[in-house]
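First the structure, in the form of structure tokens, and then the observations on it.
Letters A, B, ... mirror the listed sequences (proteins, then strands); counts begin at 1.
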Amino acid sequence: NNGAVGHDEL
Amino acid sequence: MNIFRFLADLSHMASIVILILQIRKTKSAAGVSYKTQFLYALVFVTRYIDIFFHYVSLYNTFMKIFFVTSTIYILYLMRVQYKPSHDPNIDTFRIEYIIAPSAVLALIINHGYTLYEILWSFSVWLESGAILPQLFMLQRTGEAETLTVHYIFALGIYRLLYIPNWIYRYVTEGRVEPIAFLASLIQTALYSDFFYIYYTKVMQGKKFELP
């Protein structure tokens, strides 16, 4: 899922 | 990891530590909105549910555990330990007005129709409005303890710093996160009045008092 960059953040 | 995100996370962490120290030091949670703290607990629990199946880094895991446990600890302090000091009569913002729109937005704007993605999106929208009961309470009381003010300031700085983080990541990695980016803008906008008063009063050593 390329859109979900936020998943590697807090 | 870039400097903006790292400083943002540190500032976020600092805000929570400040709040815990204040409550413990004064043995009172006066001036702190329980509703805002409850909403943050909901934000962390719905967002960090991935701790069980999505490993990012030791840093990431540690911070997630910190945010969930420290916020639940604040709820405990307010609800159990120093319960008499918290006055529900001035903490009157209706949290349905934040939860319902966040749920609707999560159902419309998300990265995919799975429980995990919808909960993640919900947590991001919810976070952008979670400070409202606290700001509302501040407006009602008209003034606040210095530490409460620093708490809100550190929290505002945290989300503000995530904006350059997203720009930086777009430039260096070509990756965008429109949901979090937009939610950060909304959240920072909510703080703008507060930042202004913080700057004009607290920075000059005056008491935080609303005009």
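- Within a 6.0 Å radius of CZ in B:F62, other residues, nucleotides and ligands contribute 12 heavy atoms or fewer.
- Only the side chain of B:Y116 comes within contact range of chain A, with heavy atoms under 4.5 Å apart.
- Atom OH of B:Y196 has 12 or fewer heavy atoms from other residues, nucleotides or ligands within 6.0 Å.
- Other residues, nucleotides and ligands place no more than 12 heavy atoms under 6.0 Å from the CZ atom of B:F38.
- A perpendicular orientation is assigned to the rings of B:W120 and A:H7, their planes being inclined by more than 60° (bins at 30° and 60°).
- Neither the backbone nor the side chain of B:N110 has a heavy atom closer than 4.5 Å to any heavy atom of chain A.
- Minimum heavy-atom separation, A:L10 to B:Y48: O-OH, 2.5 Å.
- For B:Y162, the part sitting under 4.5 Å from any heavy atom of chain A is the side chain, from C-beta outward, and nothing else.
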(request) Applying side-chain contact (heavy atoms from CB on, under 4.5 Å), run through B:M1 and A:D8 and close with a yes or a no. (result) CA-CA 10 Å; B:M1 173 72 78; A:D8 63 3; over 6 Å; no
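- The 12-atom threshold is exceeded at OH of B:Y59, counting heavy atoms of other residues, nucleotides or ligands nearer than 6.0 Å.
- Between B:N60 and A:E9, the side chains place no donor N or O within less than 3.5 Å of an acceptor N or O (distance only, hydrogens not considered).
- No more than 12 heavy atoms of other residues, nucleotides or ligands shown are found within 6.0 angstrom of CZ on B:F52.
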